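Report on the structure given below.
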Amino acid sequence: MPDFAARVLSIVRRIPVGRVATYGDVAAAAGSPRASRAVGNIMRNCASRDVPCHRVVAAAGRLGGYGGNLELKRALLRAEGLTVTRTVIREFRDRRWPSAAQGRPGRRIQPAARARAKTGKSRAT
DNA sequence: ATCATGACATGTT
DNA sequence: TAACATGCCATGA
């Protein structure tokens with residue numbers, strides 16, 4: 001269903017200059033907050049140059065990946081007025097996409113995912 | 001507290 | 001089916 005992809009592209013295109021969004025944010029805006037991987041995949045295609053895939057970064061302000069030209073991504077970000085360190089963006093949460101809820105009042109837990117995330121290993125006591 | 005690892009979730013290719 | 005430019009949580013060191 002290309003809808004998702006189209007939606008993602010549309011969203012990424014709406015990212016203003018000097019601002020960045022995470023795959024998760026884009027995915028969430030696209031309708032599936034868990035489809036961050038899908039977003040990355042779609043970006044990888046980068047069918048449209050109108051899509052500033054370089055403005056899409058990983059969580060925590062990390063750049064994430066960029067088809068072998070990761071430094072290019074950093075350069076682009078810096079060129080937009082962002083401050084990027086070796087691995088993360090400074091003031092990231094301050095430069096986050098306005099629509100992406102800057103305020104993160106604690107992380108919501110997902111009982112479902114968490115229940116399976118236990119790896120089934122021996123848990124303490 | 002931080003880094004790394006394991007596992008699952010979600011969608012496209 | 002498996003891989004991927006991820007994310008989140010919990011655990012282990």
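All chains are named by letter (A, B, ...) in the order of the sequence lines, taking the proteins before the strands, and each is independently numbered beginning at 1. Everything quoted here is computed from the prediction, not taken from an experiment.
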Side chain of [X]: nearest nucleotide among [options]?
X: S36(A); options: dG11(B), dA5(C), dG7(C); value: dG7(C)
X: K73(A); options: dA5(C), dG7(C), dC4(C); value: dA5(C)
X: A59(A); options: dG7(C), dT10(B), dC4(C); value: dG7(C)
X: C53(A); options: dA5(C), dG7(C), dA3(C); value: dA5(C)
X: N45(A); options: dC4(C), dT6(C), dT13(B); value: dT13(B)

### Query
Nearest 0.5 Å, what's the CD1-CZ distance between I89(A) and R95(A)?
9.5 Å
Quick check: does any side chain N or O of [X] sit under 3.5 Å from a backbone N or O of [Y], one acting as donor and the other as acceptor?
X: K73(A); Y: V56(A); result: yes
X: T22(A); Y: D25(A); result: yes
X: R78(A); Y: V84(A); result: yes

Mind calculating the distance between [atom1] ([X]) and [atom2] ([N]) to the nearest angstrom?
X: R62(A); N: dT2(B); atom1: CZ; atom2: C1'; answer: 12 Å
X: Y23(A); N: dT6(C); atom1: OH; atom2: C1'; answer: 8 Å
X: L9(A); N: dG11(B); atom1: CG; atom2: C1'; answer: 13 Å

### Task
Scan every strand shown for a Watson-Crick or G-U wobble partner of dA5(C), both distances under 3.5 Å, and answer none if you come up empty.
none
### Task
Searching all strands shown, indicate the nucleotide that pairs with dT10(B) (Watson-Crick or G-U wobble; both distances under 3.5 Å).
none
